[in-house]
Amino acid sequence: MMNNFRFGIRQKIITGYIVIIVCLIAAILAVTKQLDNMQKERNFIIQHDFAVRDLTSNIEKDLLKMESGQRGYIVTGDENYLQPYNEAREQWGKDFNALSKLLSDYPDQLKEITAINENIKEWIEVAGEPSIKLKQQNDTAGIRDFFQKDPGKTEIEQTLQQFDSFRNNEKELVQQRADNLNNQNQYLEIGLFSLLAFVILASIALAWIISGSIIKTIKAVVETIRAMTTGGNLSSRIHVKSNDEIRDLGFATNELLDSFEERDWLQRSVTEVVSKNQGISSLENLAEIFLSATAQITESSYGAFYIKEGKEKNVRFVKKGAFADTAGDVGRDSFALGQGLIGQCALEKRVQVINKIEGDYTLISSGLGETKPRSILIAPIVHEEEIIAVIELASLAEYTSQHLAFIEKVLETFGLTINRVIDRIEIARLLSESQAMTEELQAQSEELQTQSEELQMQSEELQMINEQLESRSQDAEEKSKALEIAKKELEEKAKQLETGSKYKSEFLANMSHELRTPLNSILILSEMLAENSSKSLSEEELEFARVIHSSGQDLLNLINDILDFSKVEAGKLEIMLSEVNLSEFPSSLERNFTHIADQKGLNFTINIAPDVPTILQTDEKRFQQIIKNLLSNAFKFTEKGSVSVRLNKVPADVTYAGIDYWLEVSIKDTGIGIPKEKHELIFQAFQQGDGATIRKYGGTGLGLSISSEFAKLLGGRLQLQSEEGKGSTFKLLIPSISDESVSVQTFAGASAEVATALEQSAKVIEDAPATAKIAPAVPETEQPIMVDQEKVFYGKTVLITDDDNRNIFALKTALEQKGMNVLNANNGMECLDVLETNKNIDLILMDIMMPEMDGYETMQRIRGLNEFTDLPIIALTAKAMKNDREKCLEAGASDYISKPLKLEQLFSVMHVWMTK
Amino acid sequence: MKDLIWNNDDSQETNITETIEMELLLEGLYRVSGFDFRQYMRSSIQRRVQNRMQIEQIQTITGVLEKVLHDPMFMNKLLNDFSINVTEMFRNPEFFKVFREKVIPELKELPEIRIWHAGCATGEEVYSMAILMEEEGLIHKAKLYATDMNETVLNKARSGILPLSKMRTYTKNYMSSGGTRAFSEYYTTDGHFAYLKPSLLKQISFAQHNLVTDQSFNEFHVILCRNVLIYFTTALQNQVYELFYESLSTKGFLGLGDKESIKFAECADQYEEFAELVKIYRKK
């Protein structure tokens, strides 16, 4: 294929044309020649024929001339007749010669001619000449004789016959030649057409071959180019076997393909890298992805990516990503501008390729060993004329120009990408910051709301206090006057009281004494009676006596209680400290209560904890009284089960001056118990569980309050744990007082503390298994307080707008019962009229379906009036109508209620809208 | 952010001291009470503490710590300060409107609808949800769980008692939220308070739950946690989001406060934006 012989398209086409032209010329020449031949032939035929015919007829004419001349002469003897004869005799020989010459090629004809010649000659010798001689001789006889014989007659006839045959022959010959010519003509025609057909075929064939050789290569080129444009395989190349312009075109196309492929590679590589860079939101990520893509494309084994950080003098390039074929971190972490090769590159802002590696350059390590890179490439990434990053790549092969071109190309836009990512990070940061700010603001606003609520509450409280203060200061003035008067009165009364209380105590003491005396007699006598020592009393009378006795006993107890209580009240009760021997305590209690326990079938136990000291310093009488009180209560209210007493020494964390220890006496029963809400109550005077209890169990109800007061007097306290139906436990907490000089009163606070401590320790023990979590306790500021409903409504004015008077009446009655003033209007117009004249309306109830002006319009009009923009309007809608609600709101209703109205709901809504 | 708290530069020193003091205070509070505010937004906590300091006339945060450690009453006060209980019925009515129009149709077919109100405060939001469910005819199969770390506000929420003074606002909110009946059908009143209909309260389970320290307790179709996470640091927010993710059923809904957004949270891509405008997200 690579021979140097060049056969171009022009040559090909010219050759084709030449071939065709040559064919044409040959054909034309052949035809012309043939035509010429035919012309000659025809000419020959024409001349020859004519000549033969002329000569023949001439000869014949001459013959006949001679005959007629001969005869004329003979007849006339006129010499004139001899002249044509002589002329003809001379002429025919010449003609004959010419004829024989013409017919030299035709021997047959020549023979005939020669025969004719012989005959004529014979005629001349036999007839012509002799007869003429005879005449000249005047030999008439001889002439007669001659004519009688007539010797030349056969020759003439024979000659004429011969001529006819000759002419026929000649005609046949001519015909033969003409036929021949015709044949030749036909051949020529055929030849001409064949030639034409050949030329046409040859032209087509040539055109086909030549165009074919051109088109085939062009097609190949076109295919390849098309493949290129449709993104097909670019690696295929055009192969042209011919050595012509098409081959040139093929080569040129291949070159184009090469460069195209190169550019395509570049483009694809760049696109690949760029597309990988899309949608990345962190620099590290970007660096990693970019490096790995770039390294793969440039066949690098190692890469590092540095981003500029800091400003002006503090500029440093910090590594954001590294790539290494083998695992592990490569490259130093940061460098400054101008520092090292890479810093230099950053300073110079241009791509550097270093193929001669010196010094201890990083070794590229593989699984099997380490090797120095062959070539390194350092490229700055520029954005808006400024270096913003640097990458460094190292390869075991040298970087090709294509790699460089790729790097340059990809870095053109990479600056923008980095910048975009930085921007994006910045935007994300700002966004999240703004989100944080928004949340912070929301939090602040909620806090503020909380604070403002707190403040509002505080300010409300303050206002309340202020109001109270104000009214108080007013009162104060009045009261200070009143006080003065009262003071005087008081002073007087104090005196009176002093005497009065003395009187009261005296009276009580006296009365108790006075009462006791007769009571004693009653008790003693009734007891005596009950003993029935004389046995004179009937069972019934005995029973009466027992009742009298027990009633008297009760009465006595009551009197004692009243006395004690009045003493306590008057603060007259004094305590007498003494030593109580606690070891004797159980036996004394048993003495007093065992029989009751037996009577009621109750289990009665007394326990004293081992650490309880034997001596208790207190007022024995009162102590005993408290215990007895509590025990008798316990027995009184317990029908079955048990009553138990337990003494404990309170483990005291705190010590108080004047107190040895604290004793706790628990009296526990399994009786009816006390409901929680009554716990406080029962310690008040004259109170028991409830009325029914009093009826069932009797008693004054003073016992517990006296006990409680005594306990306080002794520096202790009385506490109750009880559940209704499960029994009660009374706990007496009492100090053993070592120092008599200390006022017992000071112990009251102490006892509270001890009690709290006790309670808490008990609670801790109780709660121990549960989680020790303590919920933050919000003081219940908004406790529901049932207030008089009417207070909100009282004196308020409500306008009812309804076209149905029955509705108005019903509503009016209900509202007036709550103390409201009720106005009414039958339609919107009236409503507006009423509003005009009554400015103090607090709320409007608005029916919707009304004649003249319906509720919607009325509300709109009311809202249109400046003074009523905030006036509560409650729309009364029919439930059936779906759009009522929206329409009401649009018209300006504050709220709405569906008919039929429920009064409770109506009042609820009115509460909401009338509460200020 | 810091600008909001620290106004001048020369308080740098105080700044550091106060940071330490604050950390100690929160640590102490956590150790004493079990309530962990260490990951709450410092700015918010800071303001609350300062507020308390002002009221109680305490000079330093250490002073606050001392009272926290020795005065249980004070500790409770402080804990209450930290628990912000701002809420109202049909708060951001648009939220409930969108919930009604777009979320309800997605829930209708479920055999049971479990909704968790995380950080319910005094319960107004869960009341609103109960009303919405009632109106949509779903209350019979709806289970509403309302939790808060603060037992006292929970007790308040359990009571269903609302201050009368707020009812006007609530009525307006109810109307804007697309309520289909009269708001007054859901409460009765006396002179001071409105009382939520007990039948609504019956559908709600109130329980103590601390988002910071407690775990998931069920799988829910809807979790509402509106304006709670704003008090948390991003780390804590992420932790709570994780808890919500665990607690949501597939295709479950998460509703946040109108100023909150899941966009910047770690779990953002686990949710699709269902109604971004009112902050309703859907687990993918």
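Here is the naming used below: chain letters follow the sequence lines, and residue numbers restart at 1 for every chain.
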Ring centroid separation Tyr40(B) to Phe232(B) under 6.0 Å: yes

Most chain A-contacting option - heavy-atom pairs closer than 4.5 Å, from Leu229(B), Leu154(B), Leu78(B), Thr180(B): Thr180(B)

Proximity of Tyr231(B) and Phe82(B) rings by center, below 6.0 Å: no

Nearest atoms (heavy-atom pairs only) where Leu196(B) meets Met89(B): CD1-CE, 4.4 Å

Pair Thr169(B), Glu88(B): side-chain N/O donor-acceptor within cut-off below 3.5 Å: no

Any donor-acceptor N/O pair, Ser908(A) side chain to Thr189(B) backbone, under 3.5 Å: yes

Contact class of Arg48(B) relative to chain A, heavy atoms under 4.5 angstrom: side chain

4.5 Å side-chain heavy-atom contact, Phe37(B) and Leu79(B): yes

Segment of Ser445(A) engaging chain B (4.5 angstrom heavy-atom cut-off): neither

Aromatic plane relationship, Phe90(B) with Phe183(B) - under 30° parallel, 30 to 60° tilted, over 60° perpendicular: perpendicular

Segment of Thr171(B) engaging chain A (4.5 angstrom heavy-atom cut-off): side chain

Top of Asp81(B), Ile230(B), Thr188(B), Thr87(B) for chain A proximity - count of heavy-atom pairs under 4.5 angstrom: Ile230(B)

Interface moiety of Tyr174(B) toward chain A, non-hydrogen atoms closer than 4.5 Å: side chain

Top contributor to chain A contacts, counting heavy-atom pairs under 4.5 Å, from Gly257(B), Gly179(B), Ser159(B): Gly179(B)

Which atoms of Glu446(A) approach chain B - backbone, side chain, both or neither, heavy atom under 4.5 Å: both

Side chain / backbone / both / neither for Leu906(A) at chain B, heavy atoms under 4.5 Å: neither

Leading residue by heavy atom contact count with chain B [cutoff under 4.5 Å; candidates Gln435(A), Glu447(A), Gln905(A), Gln449(A)]: Glu447(A)

Residue part contacting chain B, namely of Met914(A), when any heavy atom lies under 4.5 Å: backbone

Residue selection (most heavy-atom pairs with chain A, distance under 4.5 Å) from Glu260(B), Met167(B), Met175(B): Met175(B)

Over 12 foreign heavy atoms within 6.0 Å of CD, Glu904(A): no

